[in-house]
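The next block holds one structure in the form of structure tokens; read it before the comments.
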Amino acid sequence: MSPARCPLPRFVDPTAGSVRRLGGVDLRELAGRELYRKVSFVFQDVRLLHASVADNIALAAPSATAQDVERAARLANIHDRVIGLPHGYGTVIGEEARLSGGEAQRVALARALLADTPVLVLDEATSFADPLTEQAVRRAPDTLRGGDRTFLVIAHRLETVAGADAVAVLEDGVITEYGAPGELLAKGERFAALWRTRQPAGSAGEGERL
């Protein structure tokens, strides 16, 4: 599922039925400002502002302090890279420094963590195969777990969702399997087949890797 086809950010609305999982309200009835107070996103293709690193991270939380920004950056595994830039958090992206795809995703993840919304959507947020990015994405739920918080992770790399409470397997826009990762592996159907094809030869057994 691409962000352009996902109804949650309201880039497109359902042609039939409705999405009511956000407080029981049809998403089409929520104003954009209200929706983005409840949902934050990290997409596969990240576009950062021509502004300082701090301003990029604090985009959805303009009242955040420097300490808040740094904490979010540390959680997203981007702090060490930032302090090595010419002017640290004051460095202007695209002018004084350029970031790799994985680094840009980690800045976007820091922004989403700082926004602290009830729902966080991670759409192929490890697509650049950056180990630090994947580590940050994997630990994000544990970092922010608590209260009524939901993480929606869209991924082709199954390791990214190995620790999820529930996995939905989508094929041609239809959910063909749904359940905890361990349960789906035990069923031995589509998810299990996909998992096996993505494990390197000689790796640990399925149960040991979850």
Side-chain angles (χ1 to χ4, degrees), residues 1-30 35-36 38-47 101-102 104-106 108-109 112 117-131 133-142 144-145 148-210:
M1 179 185 298
S2 70
R5 297 175 60 189
C6 179
L8 191 54
R10 293 292 313 279
F11 295 154
V12 63
D13 285 327
T15 56
S18 61
V19 179
R20 294 178 176 271
R21 288 294 186 180
L22 200 61
V25 177
D26 189 329
L27 292 187
R28 289 170 293 193
E29 298 176 5
L30 283 178
L35 174 64
Y36 297 123
K38 297 178 180 294
V39 185
S40 54
F41 309 88
V42 180
F43 292 130
Q44 179 177 3
D45 296 317
V46 175
R47 295 188 179 184
Q105 283 186 317
R106 278 181 271 144
L109 178 59
T117 55
V119 179
L120 174 55
V121 179
L122 303 174
D123 184 1
E124 294 291 0
T126 60
S127 59
F128 286 98
D130 180 330
T133 303
E134 181 153 5
Q135 182 184 59
V137 168
R138 284 194 186 190
R139 76 178 186 178
D142 291 330
L144 295 180
R145 199 178 300 277
D148 189 16
R149 189 185 305 279
T150 299
F151 292 84
L152 176 60
V153 182
I154 303 168
H156 285 86
R157 298 179 67 183
L158 301 189
E159 294 86 349
T160 306
V161 299
D165 294 323
V167 170
V169 179
L170 283 172
E171 297 183 85
D172 297 322
V174 176
I175 296 178
T176 57
E177 285 188 87
Y178 182 82
E183 294 173 353
L184 298 186
L185 284 177
K187 286 175 63 179
E189 298 179 0
R190 184 61 170 161
F191 180 82
L194 289 170
W195 183 269
R196 285 194 296 269
T197 62
R198 283 163 169 74
Q199 300 312 307
S203 63
E206 292 170 351
E208 295 175 355
R209 293 181 63 84
L210 283 179

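- Side chain of Thr117 to backbone of Ser40: a donor-acceptor contact under 3.5 angstrom is found.
- The structure places OG1 of Thr176 at 7.5 Å from CG of Leu170, a figure rounded to the nearest 0.5 Å.
- At least one side-chain heavy atom of Leu185 sits under 4.5 Å from a side-chain heavy atom of Trp195.
- Taking each heavy atom of Leu109 and Val42 in turn, the nearest pair found is CA-CG2, 3.7 Å.
- With sequence neighbours excluded, no residue forms a salt bridge (Lys or Arg N to Asp or Glu O under 4.0 Å) with Glu183.
- Checked by atom type and distance alone, the side chain of Glu177 pairs as donor or acceptor with a backbone atom of Phe191 at under 3.5 Å.
- Shortest non-hydrogen contact noted between Leu184 and Ala192 is O-CB, 4.0 Å.
- Of all the heavy atoms in Pro181 and Ala164, the pair that sits closest is CD-O, 3.3 Å.
- Summarising the geometry of Val46 relative to Phe43, their closest heavy-atom pair is CG2-O, 3.4 Å, with the distance given to 0.1 Å.
- For the atom pair OG1 of Thr150 and NZ of Lys38, the computed distance is 12.0 Å after rounding to the nearest 0.5 Å.
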